[in-house]
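First up is the structure itself, then whatever we jot down about it.
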Amino acid sequence: VTLEDFMSFTDECNYLGEKIADLKEKIKMPFWHGWEYFFKTEIIKLERQLYLIKEQEVCEQLTSTKTTNTISQSLLIQEN
């Protein structure tokens with residue numbers, strides 16, 4: 001079970017963005033001294049995951065646009 005099973009694209013991006021921001025704040029807190037490496041590693045992992053999710057969304061939009069354009073061109077050719 002993954003986040004995608006429960007969240008929309010926007011919800012997932014917001015969740016990951018908030019989690020990244022939270023970890024960046026924790027790095028600055030004295031209470032979490034000694035955990036910097038762990039937090040930095042988690043931030044890098046989450047930023048990569050967020051990037052891949054956004055990249056996938058862009059690819060899906062481009063594919064959808066390309067398909068729509070192909071159908072539109074096809075219909076135009078058939079009309080002529």
Side-chain angles (χ1 to χ4, degrees):
V1 176
T2 63
L3 287 176
E4 298 89 28
D5 295 332
F6 301 104
M7 296 183 173
S8 70
F9 168 76
T10 303
D11 291 339
E12 191 171 5
C13 289
N14 289 340
Y15 170 78
L16 290 172
E18 289 173 12
K19 191 160 176 133
I20 291 166
D22 180 58
L23 290 172
K24 286 181 177 181
E25 284 300 311
K26 284 182 178 174
I27 285 176
K28 300 174 190 174
M29 298 172 141
F31 178 81
W32 294 105
H33 179 72
W35 287 84
E36 294 87 358
Y37 178 78
F38 172 77
F39 289 143
K40 287 177 184 178
T41 304
E42 282 299 300
I43 290 168
I44 291 168
K45 184 176 84 173
L46 293 172
E47 285 177 339
R48 178 74 178 145
Q49 186 178 359
L50 183 58
Y51 173 84
L52 292 172
I53 291 166
K54 288 181 176 182
E55 182 181 53
Q56 180 182 359
E57 180 70 12
V58 169
C59 288
E60 287 174 9
Q61 288 175 353
L62 289 173
T63 301
S64 175
T65 302
K66 185 177 179 182
T67 302
T68 303
N69 288 343
T70 303
I71 291 169
S72 297
Q73 289 172 351
S74 214
L75 291 173
L76 255 174
I77 292 170
Q78 289 176 1
E79 287 179 2
N80 293 330

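Values reported hereafter were calculated over all heavy atoms of this structure, with side chains retained and with hydrogens, waters and symmetry mates removed.
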Item to complete: If a pair satisfies salt bridge (Lys or Arg N to Asp or Glu O under 4.0 Å) and one of its residues is in residues 30-39, list it, with sequence neighbours excluded.
Response: none

Discussion item. Taking salt bridge (Lys or Arg N to Asp or Glu O under 4.0 Å) as the cut-off, I'd like each qualifying pair that reaches into residues 37-51, sequence neighbours left out, listed once.
Written reply: Lys24-Glu47, Glu42-Lys45

Item to complete: Say whether Trp32 and Ile44 are linked into one hydrophobic cluster, either directly or through other cluster members, by side-chain heavy-atom distances under 4.5 angstrom.
Response: no

Worksheet item: Out of curiosity, does Met29 fall in the hydrophobic cluster containing Ile20 (side-chain heavy atoms, cut-off under 4.5 Å, transitive links)?
Response: yes

Worksheet entry | Remaining members of hydrophobic cluster (4.5 Å side-chain criterion), Tyr51 | Leu52

Practice prompt. Provide the closest heavy-atom pair for Cys13 versus Ile53 in the form atom of the first, atom of the second, distance.
Written response: SG-CG2, 4.2 Å

Fill in: Those residues that, when tested against Glu57, pass salt bridge (Lys or Arg N to Asp or Glu O under 4.0 Å) (two or more places apart)
none

Discussion item. Once side chain to side chain donor-acceptor pair (under 3.5 Å) is applied, do any residues pair with Lys19, and if so which ones, sequence neighbours excluded?
Written reply: none

Worksheet entry | Contact check, side chains of Glu18 and Asp22, non-hydrogen atoms, under 4.5 Å | no

Item to complete: To the nearest 0.5 angstrom, please state how far the CG atom of Leu16 sits from the CD1 atom of Ile43.
Response: 12.5 Å

Worksheet item: When rounded to the nearest 0.5 angstrom, what distance separates NZ in Lys26 from CZ in Phe39?
Response: 5.5 Å

Response to the item:
Taken in chain and number order and not counting sequence neighbours, the residues that satisfy ring-ring contact (aromatic ring centres under 6.0 Å, His included) with Phe38 are Trp35

